[in-house]
2 protein chains.
Amino acid sequence: MNIGQAAKAAGVSQRMIRHYEGIGLIPAPVRTEAGYRVYSSADVHTLRFIGRARDLGFPLEDIEVLVRLWRDRSRASAEVKALALAHVKGLERKIAELQAMKRTLEHLAATCHGDDRPDCPILEGLSTGPDGPAAIKPANRRTVGGGR
Amino acid sequence: MNIGQAAKAAGVSQRMIRHYEGIGLIPAPVRTEAGYRVYSSADVHTLRFIGRARDLGFPLEDIEVLVRLWRDRSRASAEVKALALAHVKGLERKIAELQAMKRTLEHLAATCHGDDRPDCPILEGLSTGPDGPAAIKPANRRTVGGGR
DNA sequence: TATGGGCCTTGACATCATGTCAAGGTCAAG
DNA sequence: CTTGACCTTGACATGATGTCAAGGCCCATA
């Protein structure tokens with residue numbers, strides 16, 4: 001199977017398959033004489049595993065461990081569970097941050113009449129405060145901020 | 001005021017101040033003969049505004065608009081409110097995605113005994129399913145996934 | 001057999017906001 | 001004048017992914 005078919009079968013883009021190979025998350029596959037990558041259905045299975053783990057928000061770094069444990073038939077399920085629960089904790093932190101932002105913004109917006117008048121509590125809020133402990137401040141703004 | 005003091009006063013890193021200047025979010029400040037950037041307290045005020053907007057998760061692209069509206073004393077508050085509410089919608093979407101991940105992961109983890117035995121429903125879940133509509137699939141995995 | 005379209009290859013650049021490091025210039029206090 | 005704290009620019013890294021470009025390969029059809 002060529003990369004295009006493998007990608008379709010696994011629900012992972014060709015770009016990502018090559019990337020996973022590049023970072024050593026999956027082994028380099030056999031090549032045809034012309035240099036085409038050739039995948040087995042076992043490879044596709046692995047790729048699907050990776051895709052699902054991504055859908056649950058695991059970073060590739062964790063996925064490397066998960067794949068290793070998955071292959072290791074003598075693993076302790078405790079290790080997997082710990083990884084999963086740590087990730088849940090991370091998700092909870094992000095959710096809390098986003099909810100704090102949402103709450104603050106809703107409060108500001110609630111008192112903004114939102115018409116033709118220039119009067120705007122939202123801008124005032126951004127301009128004036130909060131300087132005190134208003135929201136859960138991410139250590140690093142980028143951890144959660146931005147995007148739409 | 002030099003950049004270091006401005007950064008401290010505004011709660012924004014020097015790196016980011018230079019970046020905001022680079023992308024045109026703030027105007028290039030006056031320089032000393034030696035080329036040092038010189039900031040006024042009004043500049044600091046703007047930077048603090050930007051920092052707070054970032055803390056609420058606005059992307060810089062939106063912040064550019066917000067700053068413009070902030071300066072424009074004849075703005076319509078409706079425009080600000082619309083921007084804020086659109087951002088709230090975005091936050092809600094992300095929160096929902098993260099919660100879906102969390103829920104799925106908790107379900108998987110709940111049935112995993114997490115001891116020395118290799119038996120692991122979490123890995124089985126990743127390996128076997130879900131192929132059906134299990135979670136809110138982000139159009140683009142990167143929109144929300146990963147990270148800790 | 002020649003040609004075209006669809007597949008593959010690698011490499012590079014973009015995203016988004018931020019950190020960090022390096023090499024070098026400046027300023028102020030001792 | 002030296003030292004240390006500050007400033008400058010530029011480059012590279014993060015994480016996962018998209019996209020584009022230039023070029024090679026394969027197969028089917030005219």
Side-chain angles (χ1 to χ4, degrees), chain A residues 1-26 28-39 47 50-64 87 90 94 97 137-148, chain B residues 1-26 28-39 47 50-64 87 90 94 97 137-148:
Chain A
M1 195 180 335
N2 283 341
I3 199 173
Q5 289 153 329
K8 215 166 288 181
V12 169
S13 72
Q14 300 182 26
R15 176 70 175 80
M16 282 303 101
I17 296 178
R18 296 198 188 97
H19 182 58
Y20 297 157
E21 179 187 332
I23 64 175
L25 178 57
I26 58 175
V30 173
R31 303 265 190 148
T32 66
E33 279 184 25
Y36 284 25
R37 290 169 179 81
V38 176
Y39 296 92
L47 288 168
I50 293 171
R52 288 199 204 94
R54 284 296 299 132
D55 285 340
L56 291 181
F58 284 101
L60 292 180
E61 196 183 357
D62 284 10
I63 294 177
E64 200 178 340
H87 183 47
K94 280 194 197 162
E97 287 183 11
K137 281 239 186 180
N140 211 339
R141 262 165 192 155
R142 82 164 171 278
T143 49
V144 96
R148 248 169 332 176
Chain B
M1 191 178 346
N2 283 341
I3 198 173
Q5 289 154 327
K8 215 167 285 181
V12 168
S13 72
Q14 299 183 26
R15 175 70 175 80
M16 280 305 99
I17 296 179
R18 296 198 189 97
H19 182 57
Y20 297 157
E21 178 187 332
I23 64 174
L25 178 56
I26 57 175
V30 172
R31 303 267 190 148
T32 67
E33 279 183 23
Y36 285 25
R37 289 170 179 82
V38 176
Y39 296 92
L47 287 168
I50 293 171
R52 290 202 203 92
R54 283 297 298 132
D55 286 339
L56 291 181
F58 283 100
L60 292 181
E61 195 183 357
D62 284 9
I63 294 176
E64 199 178 341
H87 184 47
K94 280 193 197 165
E97 286 183 10
K137 281 239 186 179
N140 213 339
R141 263 164 192 156
R142 81 165 172 278
T143 50
V144 95
R148 236 170 342 174

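Heavy atoms only: backbone and side chains are in, while hydrogens, waters and symmetry mates are out. All chains are named by letter (A, B, ...) in the order of the sequence lines, taking the proteins before the strands, and each is independently numbered beginning at 1. Model, not experiment: these values are computed from the prediction.
- Of the candidate nucleotides C:dG19, D:dA16, D:dT9, D:dT9 has the atom nearest to the side chain of B:Arg18.
- Across B:Glu21 and B:Pro29, no two heavy atoms sit closer than the pair OE1-CD, 3.4 Å.
- Closest to the side chain of B:Tyr36, out of D:dT8, C:dT9, D:dT17, is D:dT8.
- Between B:Arg15 and C:dA17 there is no side-chain N or O to OP1 or OP2 distance below 4.0 Å.
- Residue B:Arg52 contributes atom CZ, which lies 19 Å from atom P of C:dA17 at whole-angstrom precision.
- Between B:Arg37 and B:Tyr39 the shortest heavy-atom distance is CD-OH, 3.0 Å.
- Here B:Arg37 reaches the OP1 or OP2 of D:dT8: one of its side-chain N or O atoms lies under 4.0 Å away.
- Going from atom NE2 of A:His19 over to atom C1' of D:dG18 covers 12 Å, rounded to whole Å.
- In this structure, CD1 of B:Ile63 is placed 10 Å from C1' of C:dA17, rounded to the nearest angstrom.
- In this structure, the CZ atom of B:Arg31 is 13 Å from the C1' atom of C:dG25, given to the nearest Å.
- Taking only side-chain nitrogens and oxygens, B:Thr32 never comes nearer than 4.0 Å to OP1 or OP2 of D:dC7.
- Closest approach of A:Tyr20 to A:Arg54, counting heavy atoms only: OH-CG, 4.0 Å.
- Close to D:dT17, at under 4.0 Å from its OP1 or OP2, lies a side-chain N or O of A:Tyr20.
- Comparing A:Leu60 and B:Ile3 by the nucleotide of DNA chain D that holds the closest heavy atom to each, the one mapping nearer the 5' end is B:Ile3.
- At whole-Å resolution of the value, CZ in A:Phe58 and P in D:dA16 are 13 Å apart.
- Side-chain atoms of A:Met16 lie closest to D:dT17 of the nucleotides D:dC25, D:dC7, D:dT17.
- Atom CD1 in A:Ile23 sits roughly 11 Å away from atom P in D:dT14 (whole-Å rounding).
- Nearest heavy-atom pair across A:Gln14 and A:Ile3 is OE1-CG2, 3.7 Å.
- For A:Arg54 and D:dA16, the CZ to C1' distance is 6 Å, given to the nearest whole Å.
- Summarising the geometry, the separation between CD on B:Glu33 and P on D:dT8 is reported as 15 Å, rounded to the nearest angstrom.
- Between A:Ala7 and A:Val12, the shortest heavy-atom distance links the atoms CB-O, 3.0 Å.
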